[in-house]
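Here is the naming used below: chain letters follow the sequence lines, and residue numbers restart at 1 for every chain. Quick note: numbers below take in every heavy atom, side chains included, and nothing from hydrogens, waters or symmetry partners.
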Amino acid sequence: MMPDLGKYAVSVLSAYGATLAIVALLIWISLRRGRKVQDELRSLEGRRDDA
Amino acid sequence: MIALLIRDLRLAIRTGGGFGLGLAFFLIIAVLVPFGVGPDSAVLGRIAPGILWVGALLSCLLSLDRIFALDFEDGSLDLLATAPIPLEGLVGVKAFSHWLTTGLPLTLAAPVLGLLLSLPEPAYLWLILSLLIGTPALSFIGAFGASLTVGLKRGGLLLSLLVLPLYVPTLIFGAETIRRGAEGLGTATPLTMLGAITLGTLAVLPFASAAAIRINLR
Amino acid sequence: MIALLIRDLRLAIRTGGGFGLGLAFFLIIAVLVPFGVGPDSAVLGRIAPGILWVGALLSCLLSLDRIFALDFEDGSLDLLATAPIPLEGLVGVKAFSHWLTTGLPLTLAAPVLGLLLSLPEPAYLWLILSLLIGTPALSFIGAFGASLTVGLKRGGLLLSLLVLPLYVPTLIFGAETIRRGAEGLGTATPLTMLGAITLGTLAVLPFASAAAIRINLR
Amino acid sequence: MELQVVDLGVARGGLPILQGVSFTLEAGQVLVLRGPNGIGKTTLLRAIAGLQPALSGHVSLDPEAVAYAAHADGLKSTLSVLENLTFWAQVYGTTDVAPALQAFALQNLADRPAQNLSAGQKRRLGLARLLVTGRPLWVLDEPTVSLDASAVTLFADAVRAHCARGGAALIATHIDLGLQSDLLDLTPFKATAMAQGDFDEAFL
Amino acid sequence: MELQVVDLGVARGGLPILQGVSFTLEAGQVLVLRGPNGIGKTTLLRAIAGLQPALSGHVSLDPEAVAYAAHADGLKSTLSVLENLTFWAQVYGTTDVAPALQAFALQNLADRPAQNLSAGQKRRLGLARLLVTGRPLWVLDEPTVSLDASAVTLFADAVRAHCARGGAALIATHIDLGLQSDLLDLTPFKATAMAQGDFDEAFL
Amino acid sequence: MSFWEYANPKRFMALSSAALPWFTALTALVLSVGLIWGFFFTPDDFRQGSTVKIIYIHVPSAFIAINAWLMMLVTSLVWLVRRHHVSALAARAAAPIGLAMTCIGLITGAVWGQPMWGTWWEWDPRLTSFLILGLFYLGYIALWEAIDDADTAADLTSVLCIVGSVFAVLSRYAILFWNQGLHQGASLSLDKEENVHDVFAYPLWTCIIGFVLLFITLVLLRTRTEIRARRVKALIARERMA
Ligand code: HEM
Ligand SMILES: Nc1ncnc2c1ncn2[C@@H]1O[C@H](COP(=O)(O)OP(=O)(O)OP(=O)(O)O)[C@@H](O)[C@H]1O
Ligand SMILES: Nc1ncnc2c1ncn2[C@@H]1O[C@H](COP(=O)(O)OP(=O)(O)OP(=O)(O)O)[C@@H](O)[C@H]1O
Ligand SMILES: [Mg+2]
Ligand SMILES: [Mg+2]
């Protein structure tokens, strides 16, 4: 069910590919840093604190 | 404030020569570009206005990072901030003395370098005029950038990064004035805009810079 | 010496990002030139090799002035000179870490900027190759200049003045390689010359620089 | 001229380090601040000189009345001793630098560029600056660092003369200056960690 | 380890400032240099550390045996205390920085960037560097500047321990360190203006 | 109770932790609907062929890139005037997203330009202004990273953001004066007759909404991280003091 992209297939797919890659990277970085900082905070506070 | 101006000029001359070196850098850019681009004078003449303005801009930039940094490092800035001079005045004087030691000599030297780059004849007047009107803006914008990065070790490069996008309008109108002048087109619009930018930065940026310095000294 | 390399890289990263900023400056030059010169892509493509090399050179130059200056100012250089590391090794390591933080990233980023300046297609390979071979020479020549001006306040501009003439051969051969590559001509001669210059500076300049530092500390 | 500091709290790097500092300093008086390294003497003096905002409390004197001398001397290494001093005199709107040169025995060095001075000579020049400010309250951060015995005496004389003229001095130091002075130890004012509270507090 | 200085003359800025300095320093000994500001203590120490050539005379010890600590501490403000110290340890090929941290009570500050230290804390870090050099002769230029009383004691202890291990220390200072030491006043060695001789001499 | 109560970090943390899952779900839903619709179920344009499909990421990302800066401008002003920490931290959190969106806009535009205009890059005013915007983001982020005292950094970056905005507008005029270009005019204005055909417009609007939701979600997430990081710093400092 892949649409026929004709002679522009490379352009379109690379545009979508690059976008998804950058968005994924952004989300991954945000989540990873978020988790790291949260762990750090927890170990500092020495207690579970979801705030 | 006049004492401050005199001190800054004296320091610029003593420490390896404020004038001499900014100027030399300008010269060297004008010399290197033909080496890089090749000696074809049609091409050179075509790109000369742009290169001259970019060169002026980079020469300004290079001497910029030390507008406040030296005073910060040796503690003078702390002492000046407690002295009976308003910080806004301090910034204004510093930016002005920066212009006197770089912008002004650059303007005067530019025609000679225009020759090196085969700048077409009708453009010389506009070259001088646009630099004269535009370079004060470079100094004042630069002083703003310098006040943001004062106290950061090796702030020099960060400073360039911050300041260069701010230089874009000045650069465009400046180079455009010369290009139009060279082709005999009307130059009133870009010149007016250039003047407006300069006046605007002169009026507003010292306050922003003084605020930034105050924050940095805190 | 490895400890020294690691320290220098760490400092470069900590203090506002050695890599990032040298790179940013390169980017900004590539962006400003079209503003000055105008958007015509035929002209831009013609001057692109030269501008890219001049840009790489200036980016190197800007980060240069602090190779030894920071260490001199805070007294580390005195202490390093009395440490059991030969000064020649110190210079080599410093120049190498300078290349790692500027020359190498510049080389990797250059193709993207080539795009901005409409560099013709066949030239990209030569762009990368010539920068890869040529930039180490820039760092080592730069370290030599920096060791001559260490201890001078505001040595930055004097340094540029000293170093730029020394950069001329590298610049000429580097830009020539790309230009010939773009036109499909043979590039062997300029590339060989570039390589020879790099090897020569690598072999000889650390000794000259060490001597200069010794004299400056005296 | 009277400096009243009431319940002053100061922070460094976003962290409160001193709190509840109160003292009064009257014309003619010298107050010496003591305390171990890192207690916050420099920070306190900067707050009084108006270089950084206080966290809490009140300083009665306008920063305009304060001449501050920091760890660093603010000398321009390429200017001569005389030029350095004259510059500061002009900034403060005074004119005569001769007494200042004399008070710190700098006459012979007047034409020497500041970079060719030894550590102690630089310090003397930094202190001579105080005399040309014409301001009543001197706020000094370890003024006698690198000074030899005779220079310390010169300094003490200068402070005494200043007090006799109705000035006052607030000095942070670790060593004895040979001055008749009150003493304030900052150790008891060390800020205590705040109770673990909500975020806003933690941000301070 | 023995340092013999024989008839040493040193110059600064092309001008002879000390001449005929001779002394001997044996293992386990501390020698304190005294003299008014500007007499040439710093210059002499730099010559002994091999940073500048002597004008005349002879220093028996190789600069490789000397650990020099100057007015400036050579700290990198963005590196932490531990990183600064570890770097110097690696340069000198030693490995253990813990004793040095301990000797100057820096354990609690180990992870603090050097720029966030107070003046005295910086100085302590600068002195801790000496311990990781592993070199027998310490050449110290006003080491106790900015230090409070307890830090001065730490320093004196460190010097004593160093001497007990067979080291020696040469210290320029204006204040009393509470160390058992010999004293050398440099005032008598002040260089006299040379007799006007031929050009070669005059250029010296 | 005033609106500013939400600027209290604690309250913000509570609120955002409740809102975040909803936003995440909504973003995933809207974005996937929009992209799948756009990619799989729209016809090719008669002139541009299948490359029109790039519009569904190009336009939304450019839109976010521009408006993220606006949001940073507003939050910076709020920080300077009211000194709410959350405000400054939200600006800090948004900047990298803006930069990423700028990169996406540039890359998709370049990839689109290659078949349409026959060149990867052209010094067209809109493209050029966009590049400048990217530089502003870079400078802004670099300044945040370079200063380690949190309040100082917040103050200085706010000043930069405000001055930078003025110059960004100036640059836009300068660039328009310098070169009139190739780039598409507005194609989605509400009051214009010649809007793009509905077949393209509906999925495009969906994608724009999806990107806005993505932006909000990420800002919430990252602001929470920044607040925590700030608290970590404060706690470490406090520990050191004790
Ligand atoms: C590197 C190249 C490009 C860049 C940086 C770029 C940038 C932009 C920007 C900043 C906008 C404005 C979005 C907004 O205001 O919401 C935009 C919109 C748009 N672009 Fe591009 N663009 C590029 C190339 C292209 C190409 C090659 C095409 C198609 C041939 C294209 C088609 C469009 C269209 C149709 C819009 C929507 C116009 C509107 O609704 O305002 N772009 N682009
Ligand atoms: N930039 C900074 N960020 C965070 N903390 C800092 C910073 N600068 C200094 N400090 C800390 O603040 C405290 C007070 O420093 P301050 O310089 O006021 O001390 P001081 O009493 O003058 O010490 P000294 O006698 O050593 O000069 C010290 O514990 C120091 O470590
Ligand atoms: N670069 C220079 N050029 C010329 N003369 C200099 C230079 N640096 C210092 N001097 C002079 O050399 C002399 C010796 O300086 P030195 O720094 O060795 O003194 P010192 O004994 O260490 O003094 P202090 O106790 O003040 O540190 C001083 O009189 C000083 O003025
Ligand atoms: Mg202090
Ligand atoms: Mg000395």
Inset, instruction - State the NE2-CG distance between E/H71 and C/D78, to the nearest 0.5 angstrom. - result: 11.0 Å

Legend entry - Test item: C/L80 and E/W88 side chains (from C-beta on) under 4.5 Å apart, heavy atoms: yes

Inset, instruction - State the OH-CG distance between E/Y68 and C/L79, to the nearest 0.5 angstrom. - result: 8.0 Å

Legend entry - Contact origin within E/L75 toward chain C - heavy atom pairs under 4.5 Å: backbone

Legend entry - Side chain / backbone / both / neither for C/I85 at chain E, heavy atoms under 4.5 Å: side chain

Legend entry - Spacing of OG belonging to C/S76 relative to CG belonging to E/D73, to within rounding of 0.5 Å: 9.5 Å

Inset, instruction - Find the one option among E/E83, E/Q52, E/R12 whose heavy-atom pairs under 4.5 Å with chain C are most numerous. - result: E/E83

Inset, instruction - Would you mind telling me which of C/D71, C/I6, C/L77 has the largest number of heavy-atom pairs within less than 4.5 Å of chain E? - result: C/D71

Legend entry - Per-residue contacts, residues 21-40 of chain E versus chain C, heavy atoms under 4.5 Å: none

Legend entry - Side-chain heavy-atom pair E/V91, C/R7 within 4.5 angstrom cut-off: no

